[in-house]
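Just so you know, ligand 1 is whichever comes first in the structure, and atom 1 is the first atom listed for that ligand. Side-chain atoms are counted along with the backbone in the values below, which use heavy atoms only and exclude waters and symmetry mates.
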Amino acid sequence: MDQTTDYEAVIGLEVHIQLQTNSKAFCSDSTEFGSSPNTQTSIVSLAHPGTLPRPNKKQVEYAIRLGLALGCEINHNSYFDRKHYFYADLPKGFQTTQDGAPICIGGKVTFWVEGEMKSIRLNHIHMEEDAGKSLHEMDSDFSFIDLNRAGIPLLEMVTEPDFRSGEEVYCFINDLRRLVRFLEISDGNMEEGSLRCDCNISVRPKGQSTLNARCEVKNINSARFAKRAIEYEIERQTGMMEKGHKIQQETREFLTDQGVTQALRSKEDAHDYRYFPEPDILPIKITTAQLDEIRSSLPTLPNEFRRIFLEEFDLTFDDSEIIIENLSRAKYFKSFIKRNPSIPPKLAANFFINKWYPAEDAGEISTAFEEKYITQFLELIEAGLIAASIAYQRLWPELIKKPQDVLPLCERLNLVQSNDQDEIENLAKEVLVENPDQLEKYKNGKKGILTFFMGQVMRKSKGKANPEMARKTLEKLLGD
Ligand code: ADP
Ligand code: MG
């Protein structure tokens with residue numbers, strides 16, 4: 001008998017966030033990206049005997065910023081641990097990390113997937129340091145090591161296994177990247193490795209509450225790759241289960257050019273890290289006053305902007321997303337609307353998204369462009385003194401060339417819209433008289449021809465008739 005089971009994927013992430021501090025986690029070496037190999041490596045980074053680490057205040061502060069933003073409980077007494085393993089790019093022979101008492105516990109991340117809100121729980125966020133970089137492809141016989149990255153401060157965020165698809169993870173990573181940028185704790189640059197994640201994936205029959213063995217796909221540095229790796233794994237694991245095979249816990253890598261994952265090591269080769277508290281760094285004690293100070297310095301976060309834009313300003317989800325993509329744009333838009341209550345947010349959003357941001361990105365906006373000109377421009381449209389399409393096509397290019405008071409410019413260009421009922425009615429009558437065939441068709445039920453009549457009225461008025469008035473007048477004359 002042909003039996004089919006519905007499977008569901010269970011996914012948990014370990015995300016590494018590189019912090020934008022000037023100096024490393026435990027010494028004053030620079031963290032600048034892209035310097036010549038091994039130039040940011042003092043004796044502490046190189047772990048010479050007798051050197052001692054000193055924690056970086058910014059790393060602790062940034063961890064707390066992220067923790068508070070995500071509703072974590074902040075551990076008032078956390079400490080570092082040593083995690084031992086042997087590898088050429090780890091000079092100390094251990095990584096300084098947190099195991100027993102991480103700085104942030106619990107919390108949750110709320111993000112949007114295909115227009116719906118989704119929350120996943122966090123297990124914890126801890127502080128640690130990066131390892132150096134091994135370069136295996138530069139030579140066929142030798143590997144090279146660059147220790148500039150060794151000791152760069154990281155946060156590791158560990159989620160509960162609450163994701164169910166690659167798409168969810170994709171949206172989560174993009175949201176997280178924006179969050180760390182808004183918090184100004186990381187540049188979130190995935191191409192430079194500032195956000196990397198390990199994806200833990202298992203598959204189980206729908207309805208089963210226990211977890212099956214998982215595979216961990218290591219070191220993924222883009223949201224798109226995470227989605228592809230997860231989707232590949234779900235298919236692979238489902239296929240194996242359908243054939244009656246059991247999934248063994250293992251570590252895998254994602255081969256970006258082939259779009260497949262491949263086994264690296266099984267659970268049997270798992271490390272024993274011999275964790276113990278780092279004896280050279282005092283425990284990190286956080287007072288309530290310190291927490292309050294950091295809390296009061298938090299900016300408005302993306303989800304709060306979303307709430308304001310969607311609920312208070314009534315923008316569409318897509319428009320709101322475009323504005324929130326960038327902290328300074330989101331902040332400016334919000335304050336612009338508050339300063340200009342007469343301008344409908346939707347009108348302003350259309351303008352910024354379609355005209356202002358592209359011009360800004362192209363470097364076309366001069367410093368002489370004061371906010372009052374934006375306000376005047378939008379007020380003219382809102383007041384019906386110029387049709388939006390004419391404003392964008394004819395007025396805007398002139399305004400951007402030479403920022404100036406908008407109404408006089410509009411008058412000089414002879415673009416002021418006609419709201420003269422008599423004039424519009426005369427034009428409308430002319431149009432109906434000049435197009436008897438169309439009129440006949442309209443009367444026989446082809447109501448779509450109204451658009452044609454409107455187009456003719458607009459043409460006769462050289463685009464200046466108020467379209468809304470033109471439509472109403474035509475409808476009146478046509479007896480609708
Ligand atoms: P370890 O310490 O061995 O790395 P953790 O318990 O810390 O394991 O889990 C690491 C990540 O794997 C977490 O994000 C967690 O949610 C996820 N995870 C754990 N078990 C499973 C599973 N069976 N399926 C999918 N993800 C899992
Ligand atoms: Mg882990």
Side-chain angles (χ1 to χ4, degrees), residues 7-17 66-67 70 72 75 78 80-85 94-95 97-109 111 118-128 131 154-173 175-176 195-220 223 226-227 229-241 245-254 261 263-276:
Y7 292 94
E8 79 172 347
V10 178
I11 304 148
L13 302 182
E14 294 158 276
V15 188
H16 292 92
I17 303 159
L66 184 60
L70 298 175
C72 305
N75 194 342
S78 85
F80 284 102
D81 293 282
R82 292 185 177 186
K83 175 184 184 178
H84 299 82
Y85 62 97
F94 60 84
Q95 178 192 31
T97 179
Q98 294 195 294
D99 183 51
I103 185 142
C104 305
I105 299 164
K108 66 173 188 183
V109 183
F111 57 103
K118 157 114 190 166
S119 284
I120 59 102
R121 294 163 302 153
L122 295 179
N123 182 281
H124 74 268
I125 302 169
H126 69 252
M127 301 184 284
E128 61 180 33
L154 305 176
L155 296 181
E156 180 174 335
M157 169 190 276
V158 181
T159 79
E160 296 295 344
D162 290 349
F163 298 96
R164 294 290 174 269
S165 70
E167 180 65 21
E168 287 181 6
V169 169
Y170 176 84
C171 295
F172 169 85
I173 293 176
D175 256 33
L176 179 63
L195 270 189
R196 284 168 273 158
C197 71
D198 303 337
C199 304
N200 296 270
I201 304 135
S202 65
V203 167
R204 65 183 175 189
K206 267 212 172 116
Q208 177 186 317
S209 56
T210 53
L211 297 174
N212 282 343
R214 66 186 142 122
C215 293
E216 177 173 3
V217 186
K218 282 285 201 197
N219 228 341
I220 293 186
K227 178 176 150 91
I230 288 166
E231 286 171 354
Y232 178 83
E233 264 307 292
I234 294 173
E235 222 175 284
R236 187 186 70 85
Q237 292 185 23
T238 310
M240 282 182 67
M241 287 175 70
H245 296 301
K246 236 181 135 98
I247 308 292
Q248 303 294 332
Q249 185 173 337
E250 65 186 4
T251 303
R252 303 177 71 87
E253 65 179 331
F254 181 60
T261 67
L264 282 173
R265 53 182 181 266
S266 71
K267 196 186 178 186
E268 281 69 46
D269 324 316
H271 295 288
D272 171 9
Y273 292 120
R274 294 165 290 124
Y275 282 104
F276 65 79

Check this for me, if you would: do K118 and E168 make a salt bridge, where the nitrogen-to-carboxylate-oxygen distance has to be below 4.0 angstrom?
yes
Heavy-atom nearest neighbour of atom 17 (C) of ligand 1 within options I11, N200, L13:
N200
Judged on heavy-atom distance to atom 6 (O) of ligand 1, which of R214, E160, E14 sits nearest?
R214
Calculate, to the nearest 0.5 Å, the distance between atoms CD1 and CZ belonging to I230 and F254 respectively.
10.0 Å
Atom 16 (O) of ligand 1: which of N212, D99, T159 has the nearest heavy atom?
T159
Shortest heavy-atom approach to atom 22 (C) of ligand 1 - which of G12, P161, A9, S202:
S202
OG1 of T261 to CD of E231, rounded to nearest 0.5 Å, is 13.0 Å
Approximate separation, where rounding is to 0.5 Å, of C199 SG and R214 CZ
12.5 Å
Below 4.0 angstrom from a heavy atom of L211, which ligand 1 atoms are there? Numbered from 1 as shown, please.
23 (N)
Please could you name the atoms of ligand 1 that V158 approaches to less than 4.0 Å, counting only its heavy atoms?
13 (C), 14 (O)
Should the pair F172 and F163 be assigned to parallel (<30°), tilted (30 to 60°) or perpendicular (>60°) ring geometry?
perpendicular
